[in-house]
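Here is the structure we will look at.
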Amino acid sequence: TRARLDSAKQYGKEKVGERVSIYWVIEKRWFEGTVKDYSPADLQHCVKYDDGDQGRYYLGREEALGQLHFLSPEAPAASG
């Protein structure tokens with residue numbers, strides 16, 4: 001795990017507007033949302049989820065842990 005984190009990609013403002021799916025360990029499920037903002041001060045991205053919640057993440061770290069997937073632009077939002 002440490003090696004994966006050490007080699008994690010560092011994403012910047014180029015990811016703003018992209019759709020993502022993030023795994024919430026406690027809820028044991030994936031949630032989809034859109035990257036809304038990037039803060040160069042703390043290197044975190046703000047993700048607004050489809051259900052209205054939002055959170056701040058190091059996208060590269062989440063991706064390295066297998067807890068984040070970038071969705072293709074044509075991927076439909078999950079219904080349910």
Side-chain angles (χ1 to χ4, degrees):
T1 301
R2 179 67 185 179
R4 282 190 290 174
L5 292 178
D6 288 345
S7 64
K9 295 177 185 175
Q10 178 57 54
Y11 295 109
K13 65 182 180 180
E14 75 278 1
K15 292 300 182 185
V16 173
E18 290 202 27
R19 297 276 301 154
V20 294
S21 182
I22 298 179
Y23 186 73
W24 285 28
V25 176
I26 293 180
E27 296 201 27
K28 297 181 181 168
R29 61 181 282 215
W30 292 87
F31 291 89
E32 292 183 5
T34 302
V35 180
K36 291 295 188 181
D37 192 24
Y38 170 70
S39 171
D42 64 8
L43 308 177
Q44 291 188 344
H45 292 79
C46 177
V47 173
K48 184 169 183 182
Y49 291 98
D50 295 346
D51 66 4
D53 280 348
Q54 62 182 29
R56 299 191 64 76
Y57 301 95
Y58 296 104
L59 297 184
R61 177 185 180 280
E62 297 296 324
E63 183 181 41
L65 292 171
Q67 298 175 181
L68 175 136
H69 298 293
F70 291 100
L71 304 175
S72 62
E74 62 276 356
S79 60

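Atom set for the values below is all heavy atoms of this structure, side chains included, hydrogens, waters and symmetry mates excluded. Just so you know, these numbers come straight off a predicted model, no measurement behind them.
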Stepwise side chain to side chain contact (heavy atoms under 4.5 Å, CB included) test for Arg19 and Asp50: CA-CA 10 Å; Arg19 297 276 301 154; Asp50 295 346; 2.8 Å; yes
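Leu65 and Trp30 fall into different hydrophobic clusters, defined by Ile, Leu, Val, Met, Phe, Trp and Tyr side-chain heavy atoms under 4.5 Å apart, directly or through other members. Linking Ile, Leu, Val, Met, Phe, Trp and Tyr residues whenever their side-chain heavy atoms come within less than 4.5 Å places Val20 and Phe31 in a single cluster.
Not counting sequence neighbours, the partners of Asp37 by the side-chain contact (heavy atoms from CB on, under 4.5 Å) test are Cys46. In this structure Asp51 satisfies the side-chain hydrogen bond (donor to acceptor under 3.5 Å, both in side chains) test with no other residue, sequence neighbours excluded. Residues forming a side-chain hydrogen bond (donor to acceptor under 3.5 Å, both in side chains) with Tyr23 (at least two apart in sequence, or on another chain): none. For Tyr11, the ring pair (Phe, Tyr, Trp, His ring centres under 6.0 Å) criterion is met by Phe70, not counting sequence neighbours. Remark: Glu63 engages no residue in a salt bridge (Lys or Arg N to Asp or Glu O under 4.0 Å) (not counting sequence neighbours). Listed by chain and residue number, nothing satisfies the ring pair (Phe, Tyr, Trp, His ring centres under 6.0 Å) test with Tyr58 (two or more places apart in sequence, or in another chain).
Here the closest non-hydrogen pair linking Val16 and Lys36 is CG1-O, 3.7 Å. Here the closest heavy-atom approach between residue Ala8 and residue Gly60 is recorded as CB-O, 3.5 Å. Between Val35 and Lys15, the shortest heavy-atom contact is CB-O, 3.3 Å.
With rounding to the nearest 0.5 angstrom, the OH atom of Tyr38 is 9.5 Å from the CD atom of Gln44. Atom OG of residue Ser39 and atom NZ of residue Lys13 lie 13.0 Å apart, to the nearest 0.5 angstrom. In this structure, OG in Ser21 is found 10.0 Å from CZ in Arg29, a value given to the nearest 0.5 Å. Rounding to the nearest 0.5 Å places OG1 of Thr34 at 9.0 Å from CG of Leu71. Between the CH2 atom in Trp24 and the CG atom in Asp53 there is a gap of 5.0 Å [rounded to 0.5 Å].
Residues Tyr57 and Val47 meet the side-chain proximity criterion, which asks for heavy atoms closer than 4.5 Å.
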